[in-house]
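Structure first, then comments.
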Protein chains: 4
Amino acid sequence: MDLKTKIAEAAELVLLTNGLAKTTTKEIARAAGCSEGSLYNHFRNKEDIFLHVLRGQLKNLMGVLTSLQGLVGKETVQHNLEKVAVSALEDYTNSMPLICSIFSEPDILLRHREGFVQRNEGPHRANEAVAAYLMKEQESGRIMGDIDARVVADCVLGSCFQHAFQLNFTGKQESHEERFNYARRIVNTLFPDK
Amino acid sequence: MDLKTKIAEAAELVLLTNGLAKTTTKEIARAAGCSEGSLYNHFRNKEDIFLHVLRGQLKNLMGVLTSLQGLVGKETVQHNLEKVAVSALEDYTNSMPLICSIFSEPDILLRHREGFVQRNEGPHRANEAVAAYLMKEQESGRIMGDIDARVVADCVLGSCFQHAFQLNFTGKQESHEERFNYARRIVNTLFPDK
Amino acid sequence: MDLKTKIAEAAELVLLTNGLAKTTTKEIARAAGCSEGSLYNHFRNKEDIFLHVLRGQLKNLMGVLTSLQGLVGKETVQHNLEKVAVSALEDYTNSMPLICSIFSEPDILLRHREGFVQRNEGPHRANEAVAAYLMKEQESGRIMGDIDARVVADCVLGSCFQHAFQLNFTGKQESHEERFNYARRIVNTLFPDK
Amino acid sequence: MDLKTKIAEAAELVLLTNGLAKTTTKEIARAAGCSEGSLYNHFRNKEDIFLHVLRGQLKNLMGVLTSLQGLVGKETVQHNLEKVAVSALEDYTNSMPLICSIFSEPDILLRHREGFVQRNEGPHRANEAVAAYLMKEQESGRIMGDIDARVVADCVLGSCFQHAFQLNFTGKQESHEERFNYARRIVNTLFPDK
DNA sequence: CATGAATGAGACTTCATTCAT
DNA sequence: TATGAATGAAGTCTCATTCAT
């Protein structure tokens with residue numbers, strides 16, 4: 001594995017553990033097993049490292065959302081949404097400290113906001129993907145046509161997002177089973193079995 | 001207005017504007033119109049100021065939630081929930097940078113997490129209040145007894161929370177009307193008119 | 001003496017001894033007997049300290065040049081010019097490392113060039129003052145009207161300037177007497193006794 | 001052109017453009033179109049490169065001064081001195097940033113001063129050459145025997161040197177014609193036509 | 001001889017906190 | 001209580017030089 005990857009992985013670990021504010025270049029270098037100077041052979045500066053790591057977040061969820069478009073008409077809608085919700089819970093929970101950190105440095109956000117929005121990289125992208133899936137299911141007739149797909153997507157992902165936030169806030173850990181149960185409760189409420 | 005309040009308000013302004021990372025004691029003092037030394041006559045340290053400001057967030061929403069318990073059986077459920085959602089959107093949007101900042105300083109969170117949970121001060125408290133309201137409405141028979149009150153609460157507040165997050169992330173501003181429309185779409189989806 | 005003055009004097013000493021490149025804030029602080037942080041309570045940055053010291057150079061010569069305008073028609077022209085030359089030799093010799101240092105940091109020069117020229121602070125100012133004096137002596141009839149006053153001024157100060165440069169370059173020290181003799185040779189050549 | 005020459009030329013360009021302080025090995029390598037490592041295959045270190053470039057300065061002037069010794073009794077003295085002055089103005093103007101840079105690194109100067117003086121490499125050498133020429137002209141009877149040749153040399157070169165310094169300081173550019181006029185004014189003042 | 005990633009020493013600067021006035 | 005200069009620890013980043021390829 002090349003040093004750049006090693007640095008990125010080390011930085012991710014440190015950032016998620018210590019938060020952006022308490023993540024020092026010294027600590028990243030120590031975790032990557034290289035000198036501080038080496039960081040700057042591969043990244044322009046600390047902000048660059050942070051952004052690199054940030055862009056790598058939510059990979060799992062994004063993968064699920066990509067595959068979601070191919071699941072229109074397959075399995076059950078509930079099952080598909082549960083899969084999304086579980087991934088969202090996992091990724092949001094793991095990434096929350098990193099994603100939130102950007103608000104502690106609004107100038108970084110400002111500098112890259114335009115790019116995020118243009119390249120459609122922000123967390124908002126997930127909601128659009130779920131809404132798109134639901135609209136296709138409406139077309140295919142598996143769910144009623146009069147529901148507000150975007151709102152349903154926002155309810156699923158929003159509740160997962162806030163739940164993940166609160167887990168991080170209170171320091172509680174959830175097992176995979178708990179996550180799955182939460183996902184099912186959400187989906188069941190929005191699409192109750194007859 | 002005494003100096004302590006002036007400092008707190010100045011700190012809130014600076015924190016929301018500059019983010020925690022770029023909020024310095026010098027800047028707070030300047031905004032409060034006093035010397036840096038004075039900060040320490042009213043607060044133990046910078047962390048103390050931050051926590052003081054943090055505890056003052058979501059005041060508006062919390063007020064609405066308190067009054068909510070008295071609205072059981074009054075107005076319509078939808079109307080009551082819309083009021084909650086609008087307040088949540090407002091407060092979450094305004095407070096997001098501050099609330100999220102805590103994840104950039106996990107040691108502060110760690111030191112105060114227990115207290116937050118014990119005194120029931122965290123943002124999670126809101127969801128409980130809405131769930132409690134909904135359960136009372138179930139008892140009163142205005143809404144079906146078989147819905148999962150906590151999940152509905154999570155959907156309402158979660159979608160608002162994430163929506164507020166994304167507004168802050170993308171830098172978009174919403175008018176009161178847009179906020180109201182979003183709130184109504186959420187509530188309408190969860191409690192559709194017949 | 002207040003700390004700002006102490007820092008400035010310490011910085012001047014260090015800058016003249018070590019040159020700009022090897023003058024560190026740590027060294028300035030040590031010489032001033034304060035912490036590095038204190039430097040920044042009185043100066044914006046290292047460049048600011050350098051400029052502050054730079055502006056204080058050639059004080060002696062500038063004083064002589066000011067008084068020179070009052071010497072029109074007094075003493076002898078030769079004597080007056082010798083005084084100028086001796087002061088120039090002294091100040092140029094002492095300040096040469098500092099004055100030249102600015103060419104090792106052209107961006108600093110660029111940033112402040114306009115200001116220097118506008119406020120007439122640069123070393124070029126001395127030549128104008130000597131030329132002005134000579135023209136007044138021409139008007140008073142003590143020296144011939146057909147000589148090029150500016151050129152004579154440039155010869156006097158230029159030769160002193162280059163001489164000072166070369167002393168610094170070769171590391172030779174000159175006694176006051178040697179300086180005086182050099183000054184006299186210059187003036188005698190330009191204004192030979194009958 | 002071999003790489004050593006390419007590096008030296010690149011270094012000269014960078015040093016004159018950016019100043020010694022902001023001249024990095026990375027930049028020299030970039031300008032030379034080679035790797036940083038290659039610098040060390042041709043020079044011992046950065047200081048070595050700097051000295052190599054420094055020794056190459058004033059080439060033009062030095063050539064004129066060499067030919068000057070052969071001009072005794074030829075052309076007019078004024079004309080010969082004008083040629084010297086023009087070359088001096090050109091070379092001093094171009095080399096000033098580089099030559100002055102040495103005072104920002106006194107330890108380099110200290111380490112090599114002895115060698116400079118012994119090998120007669122410094123800028124002071126020019127003055128001696130002009131003085132030698134003038135003395136020969138005194139012997140040949142073309143100029144009066146009682147003038148101080150060394151002082152005249154110092155006036156010619158000193159005024160050019162300081163003029164070049166001030167041009168660099170104020171950022172003014174001079175045309176060849178302006179340079180020639182300045183040279184003529186200097187020479188005319190020192191050797192007025194009858 | 002050419003390369004360029006890795007190094008590590010050290011530079012400048014920031015900032016929360018203290019304390020004498 | 002109010003001040004604000006002084007502190008010193010710590011952080012980010014630069015850069016000449018080395019060395020394995």
Side-chain angles (χ1 to χ4, degrees), chain A residues 2-4 6-7 20-30 32-50, chain B residues 2-4 6-7 20-30 32-50, chain C residues 2-4 6-7 20-30 32-50, chain D residues 2-4 6-7 20-30 32-50:
Chain A
D2 71 344
L3 188 52
K4 175 157 188 172
K6 226 149 79 180
I7 291 171
L20 179 55
K22 287 296 182 318
T23 293
T24 63
T25 49
K26 187 193 293 285
E27 184 78 4
I28 294 173
R30 211 191 47 68
C34 69
S35 71
E36 271 189 273
S38 283
L39 304 183
Y40 295 87
N41 287 327
H42 298 282
F43 296 94
R44 260 205 316 286
N45 49 33
K46 192 185 153 188
E47 178 177 329
D48 194 25
I49 301 179
F50 172 62
Chain B
D2 69 344
L3 188 49
K4 176 157 187 170
K6 222 148 86 180
I7 291 172
L20 179 55
K22 289 292 182 316
T23 294
T24 63
T25 49
K26 186 193 289 285
E27 186 77 4
I28 295 174
R30 210 191 48 70
C34 69
S35 73
E36 275 189 271
S38 282
L39 304 183
Y40 293 83
N41 290 325
H42 296 283
F43 295 92
R44 268 208 316 287
N45 49 32
K46 191 186 157 189
E47 179 176 329
D48 195 23
I49 300 178
F50 173 61
Chain C
D2 71 344
L3 187 52
K4 175 157 189 172
K6 225 148 81 180
I7 291 172
L20 179 54
K22 288 295 181 319
T23 294
T24 63
T25 51
K26 187 194 291 285
E27 184 78 2
I28 295 173
R30 210 191 46 69
C34 69
S35 72
E36 271 188 274
S38 283
L39 304 183
Y40 294 85
N41 287 328
H42 298 282
F43 296 93
R44 261 204 315 285
N45 49 34
K46 191 187 154 187
E47 178 177 330
D48 194 23
I49 300 179
F50 171 62
Chain D
D2 71 343
L3 188 50
K4 177 158 186 171
K6 222 148 86 179
I7 291 172
L20 179 55
K22 290 292 184 314
T23 294
T24 64
T25 50
K26 185 194 289 288
E27 186 76 5
I28 294 174
R30 210 189 50 68
C34 69
S35 73
E36 275 189 270
S38 281
L39 304 184
Y40 293 84
N41 290 323
H42 297 283
F43 296 92
R44 269 210 316 287
N45 50 31
K46 191 186 157 190
E47 179 177 329
D48 195 22
I49 301 177
F50 173 60

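We use all heavy atoms of the structure for the numbers below, so side chains are in, but hydrogens, waters and symmetry mates are not. Lettering of chains follows the sequences in order, A, B, ..., and the numbering in each one begins at 1. Source: prediction; values computed, not measured.
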Inset, instruction - Identify the 5'-most and 3'-most nucleotides of DNA chain F with at least one atom closer than 4.0 Å to a non-hydrogen atom of chain A. - result: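 The footprint of chain A covers F:dG11 to F:dT14.
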Distance check, rounded to the nearest 0.5 Å: [X] atom [atom1] versus [Y] atom [atom2]?
X: A:Ile28; Y: A:Phe50; atom1: CD1; atom2: CZ; answer: 11.0 Å
X: D:Arg44; Y: D:Glu47; atom1: CZ; atom2: CD; answer: 8.0 Å
X: D:Ser38; Y: D:Leu3; atom1: OG; atom2: CG; answer: 5.5 Å
X: C:Cys34; Y: C:Leu39; atom1: SG; atom2: CG; answer: 5.0 Å
X: D:Thr24; Y: D:Lys46; atom1: OG1; atom2: NZ; answer: 7.0 Å
X: C:Ile49; Y: C:Ile7; atom1: CD1; atom2: CD1; answer: 6.5 Å

Inset, instruction - Check whether more than 12 heavy atoms from other residues, nucleotides or ligands sit under 6.0 Å from atom NZ of D:Lys6, and answer yes or no. - result: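 Not more than 12 within 6.0 Å, no.
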Compare every heavy atom of [Y] with every heavy atom of [X], then report the nearest pair and how far apart it is.
X: C:Lys4; Y: C:His42; answer: NZ-O, 3.6 Å
X: A:Thr25; Y: A:Tyr40; answer: CG2-OH, 3.5 Å
X: A:Lys26; Y: A:Glu36; answer: N-OE2, 3.5 Å

Inset, instruction - Whenever both distances are under 3.5 Å in a Watson-Crick or G-U wobble pair, mark it; put DNA chain F into dot-bracket that way, with [ ] for crossing pairs and | when the partner is on another strand. - result: .||||||||||||||||||||
Legend entry - Whichever of C:Ser35 and B:Gly33 has its nearest DNA chain F nucleotide further upstream toward 5':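 Comparing both residues, the 5'-ward one is B:Gly33.
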Inset, instruction - Treat primed atoms plus P, OP1 and OP2 as sugar-phosphate and everything else as base, then score nucleotides 9-16 of chain E 5' to 3': B for base contact with protein heavy atoms under 4.0 Å, S for sugar-phosphate contact only, - for none. - result: --SSBBSB
